[in-house]
Structure formats: C-alpha cells, structure tokens
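Numbering of ligands and ligand atoms starts at 1, following listing order.
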Amino acid sequence: MKTNETKRPHILVTNDDGVAAPGLLALAQAMRQVGDVSIVAPDRNWSGGGHVKTLNRPLRVQEFTLDDDSTALCSDGAPSDCVALALLGLLPRKVDLVVSGINSMANLGHDVTYSGTVTAAMEAIIWGIPGIAVSLDGAQRHETEMDYTTAARIARLIVRRALQHKLSKGILLNVNVPYLPANEIRGILNTRQGLRVYRDRLDKRQDPRGRDYYWIGGDFPTGKPEKGTDIGALAEGYVSITPLQLDLTAYPALAGLQNWHWQPAEPAPLSPPIIANAASTALAPA
Ligand code: MN
C-alpha cells in the first residue's frame, strides 16, 4: 500500500520543556499513529520563553536519541526557532501540521504569549502551516512524575479531527487537558481564553558579592473559572480547545479611537523642532 503511505501527513512535533522531556516522547509516539513524524525541539527548557526569533547568534542543530531509541533533532534556539528552522528548510519534506507539547503545565488565558508551547504553534501559522499546542494541567507536579498517556490519546483524537476538518488558515488550537484519569474526563469543550490571575512577587536578594539581584517568584497562578472559558472547562474536568489567531487588534477599542478625531491632514508640529523621545503625534501623512 505504498500510495497510502505517501499520503500520510507529515507532522512536526516540538515542545518547550526540551527534547528530553517525557511529554515530547508521549506526543511523538501518539502522532506516529496518525502520520510521519519529525521532531525538532529545543535542547533545554524554554518554559515561559515566549515567542522568540533568534537573530543575533547562529543556531546549532544536533541529533538526539529519545528514550524509545528514535531520533530527534534539537537546537539551541527557542521552540519558535525550532519551528522556523524546520519549516524554512531544515526538513526536506513539507510539513502538514505542527503539534507542540505535551507541556507539563496548563497554558490558559494570558499564558499564551508567555508559553513556548503555544508560541511554537503561533510560529507555525506565520509560515502558513496549522499548529496545535497541547498542555497537561499537571499543576506543580514534576514533569518526570506525570502520566502523559491520557493527554497523548486526546492529542491524537484532536489531531485526527483537525486533519479531517482542515483548520482555517491563520488559526491555531490551544488544547489543555485536565490531570485526571481517562474515565474522569468529562469531554471536550470549545472555549475562549479565560482570565489568569498571576500572583507573582518580586524577590530581592543579595549575591555573594553583596550585589542585589531579583527573582520573579510568588505563587502558582490561579484563574477565574468562568463558563465558556478554558479555565472554566478545566475546573469542571473537561478538555478545552481554544482557537487562537495572531491578530491581537482590539476591535471595539478601534471603534473607540474614532472619537479621537484625527484629521486626515493633521499637521506635524513644526516649532519647536521635534526632539527624540518626545511623545510625538507628528505622523504627518505623506
Ligand atoms: Mn513548558
């Protein structure tokens, strides 16, 4: 059945917990049941590293052997760099779908732009390839003490469905799975982003040389478990799927700005001369 084999989708698997993380292996194994898998993942943990484009240093790529003896590629770049590397030519074959995870912590509400897991999927849609981020709400469990079996099965189900239905261009899916036994998961809900509540505190300490340094510490974030949101879904034992787009324009605010009444030919203030850093509105139309 060679013709069938060539039709198998080519899935790029990446993550932000690093190439050695157990969640990556679980995801890769689940994806191999859906398509042909290539792995390009960061060589270290980039959790909270956000959407990165590395421009000021070279990126190195190495082979890495996963715990099931399969081969992955890893780079010293961020998860989004790994996706860019893969899609811009590191992999000879065209990628059909990018799947990122399985992250060892939930990525809910405002987490999405901090998250290396989600921003890897964001990078995919920049290059016109659909992306799916999968996170498991392990709370504060250590990644090596977590069971990814159920989350991997759910990822497989969602990826199959996404390939069937074809995601719209420019849309990525942010999937979060509650840390529950399979028979206690109540289902899958389509959701919007909820409101994360961050409880960060700045810790000021002194290094051995007597100089101050700072650490962003505090407590684990919580969130408002509103109905219809990702946070609400997880709180009730559901898997959440939030479709995201990179157009962050606040459309209602755009309408509000109409009341600022910029004149089309609003003149640049000519005197006094514009100085650097002045809060200038001197964007004279051409
Ligand atoms: Mn992570």
Anything under 30° is parallel, anything over 60° is perpendicular, the rest tilted; go ahead and classify Tyr114 against Tyr198.
-> perpendicular

The angle formed at the Mn ion (ligand 1) by OD1 of Asp17 and OD1 of Asn103 is about (to 10 degrees) 90°

Please name the atom of Asp16, restricted to N, O or S, that is closest to the Mn ion (ligand 1).
-> OD1

Of the backbone and side-chain N, O or S atoms of Met105, does one lie nearer to the Mn ion (ligand 1) than 2.8 Å?
-> no

Give the minimum heavy-atom separation between Ile231 and Gly194, together with the two atoms involved.
-> CD1-C, 3.8 Å

Just say parallel, tilted or perpendicular for the rings of Trp215 and Tyr213, cut-offs at 30° and 60°.
-> perpendicular

Is a side-chain donor-acceptor pair under 3.5 Å present for Thr117 with Asp16?
-> yes

